[in-house]
Asks: 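Here it is, the structure in full.
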Protein chains: 2
Amino acid sequence: MTLPKYRNIADDLRTQIVTGVLRPGDRLPTETQLMDTFGVSRNTARAATAVLVNEGLIERVPGRSGGMEVREQLTLTFHASEAEVIPGLWPESDAWFNEVQRQGQQPSQDFSVTIDTLPAEYAERLGVEADSSAAVRRCVRRVNGRPSSLQNTWYPMDLCQQVPELLQPGDIKQGTTRLLAERGLSQPALEDDVSAAMPTPEEARLLELQPGTPVLRMLRTGFSRDRAVRLSVTIFSGPINRVLYHLGDPEIIRKFRSH
Amino acid sequence: MTLPKYRNIADDLRTQIVTGVLRPGDRLPTETQLMDTFGVSRNTARAATAVLVNEGLIERVPGRSGGMEVREQLTLTFHASEAEVIPGLWPESDAWFNEVQRQGQQPSQDFSVTIDTLPAEYAERLGVEADSSAAVRRCVRRVNGRPSSLQNTWYPMDLCQQVPELLQPGDIKQGTTRLLAERGLSQPALEDDVSAAMPTPEEARLLELQPGTPVLRMLRTGFSRDRAVRLSVTIFSGPINRVLYHLGDPEIIRKFRSH
DNA sequence: ATCCATTTGTGCGTATGTATG
DNA sequence: CCATACATACGCACAAATGGA
């Protein structure tokens, strides 16, 4: 009894979820039912379920036939060491788009382009002066209509004069990586910086995240032989995305993993 | 205006933190001060600060001279595509230990070994039968005395007969990767599976995480030429760790990045 | 379209416990 | 022992969302 009540209730409910007594899509008892069965006030019942919301295990739905629902945990895989790396692996369109289709889901994305001042951290990664400007291609990526990830790609301004298509707001059919390669700016080396974080309010809004849902933040710097070409900042909705890397001899992996 | 009070207060405080008005180590106003300055009840003040705790921005400290403190955001980098991959890169000891020392911090780790039944998901990754058993080397990794990450590495049982040292509970000086290589089980290929998640209660306890702090979960499968040799499950305390991958031509990266 | 019932969302006041200096 | 600050818990009220009668 050293643990507070709300933690005990949270533990109880969590056990039911991870052992499969409650399955994705199932409803938890309503707050009033929890009050009765555990003999606590509504605030305490809410504190308990708030823990599970923060862990991404349940989702709250207001309204008459609402309630608290065990969340779906479907995952989408991003093959980080194949996409954009192996030239000619896919015939056209950009890497992410292909990935999603290959996994049998419906991708869609909205683009917009702005010209912004590079934050110091980003400028350093691109090897340009801080406060210099860059074109930013922003997109919200959806899978089956639901937001799945955000990507903002920063291109140094001088590069945009070389490749003015980067400034056009719409989609670029062959994908920007391929477009740049056609202009002599292929990217034979990439650096990925991956970390977990809580979303900013803006990110949470765009990704339609429940409070307490973490995100995976990936900063990918693309290098041509002579310079850093672009910096892509991708925010993956945490629990439903994973990033896969294959290192070393690709033949060996192919032997044991079928994609 | 349409936003609830506690969100407005949270936004206000968050702005002060991200703009640097409040710097890491600084104290927020106490709950009673927040009640006064924003004219709300204590519950509302707590709801507001709870948002920031969930975002990993602040830490609550009880006691006389406690309060709510803006968290340090120092990050530790794990070079995923160098550690354990480039043979002979470091003279001895295991990959993580070297990484931390190279970044000027004090690493330490506690080991324990158990024999457990492989969960279905892990068994599949190792290409062995579900419910077969495996040796698990568990460790808590600390940086300057504070827990930084957890790592559980699973070795199929038949492998342990080949390399019985794996079952010894203490540290293995040259590192397990090197030990296995000495027995003809080098790992020329690795697969990493990276995602963001909220910690289980056990993980939160071991890593001494504040409620609401996300983690980075990395599953690394190591392959010899003939089989999957091991599965390492690493839980990085989210906000203070990042994982770095270098893909493609390493010469190019070296030109632009100094480590 | 209206009203009602149910369920979660926000907010207040209060009381008591626990940790720390 | 006390003062301060956060931690837990109760009870209450009203708002907002949703679906059915």
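Letters A, B, ... mirror the listed sequences (proteins, then strands); counts begin at 1.
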Asks: Rounded to whole Å, please give me the gap between CG in A:Asn8 and C1' in D:dA7.
Replies: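 Between C1' of D:dA7 and CG of A:Asn8: 15 Å.
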Asks: Is it true that A:Arg125 and A:Asp193 make a salt bridge, defined as a side-chain N closer than 4.0 Å to a carboxylate O?
Replies: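 Salt bridge present between A:Arg125 and A:Asp193.
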Asks: Between C1' on D:dC6 and CD on B:Glu59, what's the gap in Å once rounded to a whole number?
Replies: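 From B:Glu59 CD to D:dC6 C1': 13 Å.
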Asks: Atom CG of B:Leu52 to atom P of D:dC6: distance rounded to whole Å?
Replies: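 B:Leu52 atom CG is separated from D:dC6 atom P by 13 Å.
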Asks: Nearest whole Å is fine: how far is C:dT18 P from B:Glu31 CD?
Replies: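 Computing the B:Glu31:CD to C:dT18:P distance gives 17 Å.
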Asks: Would B:Arg137 pass as a cation-pi partner of B:Tyr155, given that its NZ or CZ must be under 6.0 Å from the six-membered ring centre and within 45 degrees of the axis?
Replies: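 No, B:Arg137 does not sit over the ring of B:Tyr155.
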Asks: Looking at C:dT7, I'd like to know if its phosphate oxygens (OP1 or OP2) sit under 4.0 Å from a side-chain N or O belonging to A:Arg60.
Replies: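 No, outside the criterion.
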Asks: What is the separation between atom CG on B:Leu3 and atom C1' on C:dG9, rounded to the nearest whole Å?
Replies: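 So the two atoms are 13 Å apart, to the nearest Å.
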Asks: Compare the minimum distances between each of C:dG21, D:dG19, D:dC10 and the side chain of B:Ser65, then state the nucleotide with the smallest one.
Replies: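 The listed nucleotide nearest to B:Ser65's side chain is C:dG21.
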Asks: Given D:dT8, C:dT10, C:dT7, identify the nucleotide with an atom nearest to the side chain of A:Tyr6.
Replies: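 The listed nucleotide nearest to A:Tyr6's side chain is D:dT8.
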Asks: Could you walk me through whether A:Asp26 and A:Arg23 pass the salt bridge (charged side-chain N to carboxylate O under 4.0 Å, His left out) test, one step at a time?
Replies: CA-CA 6 Å; A:Asp26 286 356; A:Arg23 308 174 63 81; 5.9 Å; no
Asks: Nearest whole angstrom, please: distance from the P of C:dT18 to the CZ of A:Arg7.
Replies: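 Taking atom P of C:dT18 as the reference, CZ of A:Arg7 is at 15 Å.
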Asks: Applying a 3.5 Å limit to both distances, which nucleotide forms a Watson-Crick or G-U wobble pair with D:dC1?
Replies: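 Looking at the geometry, D:dC1 pairs with no nucleotide.
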Asks: State whether A:Thr44 places a side-chain N or O below 4.0 Å from either non-bridging phosphate oxygen (OP1 or OP2) of D:dT8.
Replies: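 Result: no.
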Asks: Taking the side chain of A:Arg46 as its heavy atoms from C-beta onward, which of D:dT8, C:dT8, D:dT4 lies nearest to it?
Replies: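 Among the listed nucleotides, the one closest to the side chain of A:Arg46 is C:dT8.
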Asks: Of the listed nucleotides (D:dC6, C:dC12, D:dC10), which one gets closest to any side-chain atom of B:Pro62?
Replies: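 Of all the options, the side chain of B:Pro62 is nearest to D:dC6.
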Asks: Between atom CE in B:Met68 and atom P in C:dT20, what is the gap in whole Å?
Replies: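 Checked: the CE to P distance equals 17 Å.
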Asks: Between the base of D:dA7 and the side chain of B:Arg42, is one N or O donor paired with an acceptor at under 3.5 angstrom?
Replies: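 Per atom types, the contact qualifies.
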Asks: Output the single nucleotide from D:dA9, C:dT8, D:dC6 whose closest atom is nearest the side chain of B:Thr30.
Replies: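 Ranking D:dA9, C:dT8, D:dC6 by closest atom to the B:Thr30 side chain puts D:dC6 first.
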Asks: Whole angstroms only, please: what is the CZ-P distance between B:Phe38 and C:dG11?
Replies: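 Rounding to the nearest Å, CZ of B:Phe38 and P of C:dG11 are 13 Å apart.
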Asks: Can you identify which nucleotide, out of C:dC12, C:dA5, C:dT10, has its nearest atom closest to the A:Arg64 side chain?
Replies: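 Between C:dC12, C:dA5, C:dT10, the one nearest the side chain of A:Arg64 would be C:dA5.
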Asks: Is it the case that the side chains of A:Thr77 and A:Arg242 hold a donor-acceptor pair, with the cut-off being a distance below 3.5 Å and no angle test?
Replies: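 Yes, a side-chain donor-acceptor pair sits under 3.5 Å.
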Asks: Would you compute the distance between atom CG of A:Asn8 and atom OG1 of A:Thr44 and round it to the nearest 0.5 angstrom?
Replies: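 One gets 11.5 Å once the value is rounded to the nearest 0.5 Å.
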Asks: If you assign A:Asn43 and A:Gly66 each to the DNA chain C nucleotide with the nearest heavy atom, which residue ends up on the more 5' nucleotide?
Replies: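 By nearest-heavy-atom nucleotide position, the 5'-most residue is A:Gly66.
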Asks: Quick check on DNA chain D: between A:Ser41 and B:Thr32, whose nearest nucleotide comes earlier from the 5' end?
Replies: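 On the 5' side of the pair lies B:Thr32.
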